[in-house]
Amino acid sequence: MSTIEVAGAQVDTRHWINGQRVASSETFTNTSPIDSTFLGEISRGGQAEADSAVAAAKAAFPAWAALGPKGRGEILHRIADLVEANLETLAQLETMDNGSLLRSHRRGVMPRVAMNIRFFADWAINELHHEVFETRGHSNNISWDPSGVAALFTPWNAPLMLATWKIGPALAAGDTVVLKPAEWTPLSASYFADLTKQAGLPDGVFNVIQGYGREVGAALVANPDLARISFTGSVPTAKVIARAAADNLTPVSFELGGKSPCIVLEDADLDLAATLAVEQYDNAGQVCLSGTRILVHENIADAFAERFREKASQIKQGDPRDESTDIGPQIHQVHFDRVKGFVDRAKAEGQNIVMGGEPNEELGGLYFKPTLVKNPTPGSEIVTSEVFGPVLCMQTFTSDEEAIAMANGTEFGLAAILVSGNRERADRVAKQLVAGTIWVNCFFVRDLKAPFGGSKKSGIGREGGTWSFDFYADVKNTVVSPTGWKE
Ligand code: NAD
């Protein structure tokens, strides 16, 4: 069967290559994390599918590039219109496939999917300009030219949201695209492909190939016809991709994992601090930006812990389709076992687990309770490795300097949350934190105009505004002499 019905939507299980549906002889099984319901058998691509998708994208490139930002923008806005027209379907589909909250898909995520596309379409038209400047009478004319075929790799924790952070700027820049969605969440990308067709996107400009990272993903990365590789995922996979990309010197952009700090200074508003800290359980901890290391000043640690406990005890775990649910399941049995493995090893080491620490037996399946590890041994696995589940650590410090050293003391540098009542102090501390994004007295405020990315092992490059185009486009300077003209 080439289509399946999920949450009322007809979803094609085949790849999307050159404006056509293409099946593979092999498939992989897709299930819902909500209750392990079987969703369908999905085409499992390999070398042949990767090659034909890149060939299609390469053939479609010259015409798409020639269309210019305005021509491309019209089609991109039509795609965004269709995302909005199908918002409820997309929200339900994504929730069935990845188990994130339906209410946030409806109100936050899917509207942002449309916005991602509109924003970058408009940015290419209105903002990609650099003032002409002179060098000894010669003018420097800077342009962002289409670069070719971009291969995009996305994880499962926010599938269409993260895909469109890449699809938007890549297509707006005039590149053509081959998207490889994560194997645990292939459905929204397939549905989105149908919307691009309806919007009139020319065949071959956008392609989707499905399957395992080590199979179709590896084949795609190794293709010498790629102009760009943009990857969001884990550090170990990024290393494999970087090695493969090196053979062809294909430029890469990496958005990777984190073990971000949530720092509560002595002068913090404790209620705000506890609210922000508890938010780090959002999406059942499957958020790259999560401040999973809560660092609290010793003098307020007990009062803070009490408020944290109060607020955390109100988190309602359950079916992500229920409006009242705050956090849902882990994405997949393999991931659930990984998260549980971290917690079991922490227990075996004698770490102090003061909340959760086990599967939610009432719900069964892939639901793991929000967990808190208090004062973990410095340097231990639970406080240095990314768990990517509902597991937070709480540690104390006695000075701003110690807080900064602890905050910066991992291999990651994706984000940091800082809670303080004093602007000057917050400013001084924030300046010394090493991370792509610092949120002061807030969390998750993200403007597409702003740079986004990770320091240290959390990534290479930045996305957002012109930074996205600096990656996807070939940035060119045309230097024109004042002499030699015949007219
Ligand atoms: P992952 O690294 O396992 O997989 C990501 C993607 O890469 C998937 O599509 C996968 O199929 C593909 N892949 C795997 N092996 C490959 C290979 N050899 N060649 C090519 N492609 C391959 O990551 P995941 O488990 O899907 O996602 C979780 C990770 O993503 C976490 O580390 C999280 O922090 C990170 N993440 C980062 C951001 C960010 O913006 N920085 C956002 C979301 C998630």
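These numbers were taken from a predicted model, which means no experiment stands behind them. Indexing begins at 1, ligand by ligand and atom by atom, following the structure's order.
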Considering only heavy atoms of Gly257, which atoms of ligand 1 have at least one such atom less than 4.0 Å away?
32 (O), 34 (O)
Of all protein heavy atoms, the one nearest atom 3 (O) of ligand 1 is Thr237 OG1, 3.7 Å
Euclidean distance, Ile263 CD1 relative to Ser420 OG, rounded to 0.5 Å:
10.5 Å
Nearest-neighbour protein heavy atom for atom 23 (O) of ligand 1, which is reported as residue plus atom name and distance:
Ser234 N, 3.5 Å
Would you confirm whether Asp175, through its side chain, and Ser147, through its main-chain N or O, come within 3.5 Å as a donor-acceptor pair?
yes
Can you name the atoms of ligand 1, numbered from 1 with element, that are less than 4.0 Å from a heavy atom of Glu183?
10 (C), 11 (O)
Surrounding NZ of Lys58 (heavy atoms of other residues, nucleotides or ligands, distance under 6.0 Å), is the total greater than 12?
no
Taking atom 28 (C) of ligand 1 as the reference point, the nearest protein heavy atom with its distance:
Phe388 CE2, 3.7 Å
Hey, is the main chain of Ile229 close enough, under 3.5 Å, to the side chain of Thr250 for a donor-acceptor pair?
no
Would you mind listing which atoms of ligand 1 come within a distance below 4.0 Å of any non-hydrogen atom of Leu414?
41 (N)
For Val240, counting its heavy atoms only, list the atoms of ligand 1 lying under 4.0 Å from any of them.
18 (N)
Working to the nearest 0.5 angstrom, can you tell me the gap between Gln395 CD and Thr377 OG1?
9.5 Å
Could you point out which residue of Thr154, Asn116, Thr232 forms a side-chain hydrogen bond (donor to acceptor under 3.5 Å, both in side chains) with Lys166?
Thr232
Counting non-hydrogen protein atoms only, what is the nearest one to atom 41 (N) of ligand 1? Give residue, atom name and distance.
Leu256 O, 2.7 Å
Measure up the Phe444 and Trp439 rings against each other and bin them: parallel (under 30°), tilted (30 to 60°), perpendicular (over 60°).
parallel
Could you tell me whether Thr232 approaches ligand 1 through its side chain, its backbone, both or neither, with non-hydrogen atoms closer than 4.0 Å?
both
Option whose closest heavy atom lies nearest to atom 12 (C) of ligand 1, chosen from Pro236, Ala151, Gly213:
Gly213
With heavy atoms of Ala182 as the reference, note each atom of ligand 1 found under 4.0 Å away.
8 (C), 9 (O)
Is Ala218 near ligand 1, meaning one of its heavy atoms is under 4.0 Å from it?
yes
Logged contact type for Thr154 with ligand 1, heavy-atom cut-off 4.0 Å, is backbone
Under 4.0 Å, counting heavy atoms only: does Pro181 come that close to any atom of ligand 1?
yes
Parallel, tilted or perpendicular: which one describes the rings of Trp156 and Trp184, with boundaries at 30° and 60°?
tilted
Among protein heavy atoms, which sits nearest to atom 42 (C) of ligand 1, and what does the distance come to when rounded to 0.1 Å?
Cys288 SG, 3.0 Å
Quick one: does Trp184 get within less than 4.0 Å of ligand 1, heavy atoms only?
no
Within a distance under 4.0 Å of any heavy atom of Phe153, pick out the atoms of ligand 1 and give their elements.
20 (C), 21 (N)
Please could you name the atoms of ligand 1 that Ile241 approaches to less than 4.0 Å, counting only its heavy atoms?
19 (N), 20 (C), 21 (N)
If you apply the rule ring pair (Phe, Tyr, Trp, His ring centres under 6.0 Å), what do you find for Phe120 with Trp165, and how did you get there?
CA-CA 9 Å; Phe120 287 108; Trp165 271 8; 8.9 Å; no
Test side chain to side chain contact (heavy atoms under 4.5 Å, CB included) applied to Phe342 and Thr371, Val373, Ile382, the passing residue
Ile382
Please check: side-chain N/O of Thr410 versus main-chain N/O of Phe412, any donor-acceptor pairing under 3.5 Å?
yes
Starting from atom 7 (O) of ligand 1, which protein heavy atom do you reach first, and at what distance in Å?
Phe231 CE1, 3.2 Å
Which of the atoms of ligand 1 are close to Gly217, meaning less than 4.0 Å from one of its heavy atoms?
19 (N), 20 (C), 21 (N)
Quick one: which of Ala222, Gly233, Pro155 has a heavy atom closest to atom 29 (C) of ligand 1?
Gly233
Heavy atoms from other residues, nucleotides or ligands near NZ of Lys456 exceed 12 (cutoff 6.0 Å):
yes
Looking at atom 24 (P) of ligand 1, what's its closest protein heavy atom, distance included?
Trp156 NE1, 3.3 Å
Nearest non-hydrogen protein atom to atom 31 (C) of ligand 1, with distance, is Glu386 OE1, 3.4 Å
Would you say the ring centers of Tyr367 and Phe336 fall short of 6.0 Å from each other?
no
Do the side chain of Gln317 and the main chain of Phe368 share a donor and acceptor less than 3.5 angstrom apart?
yes
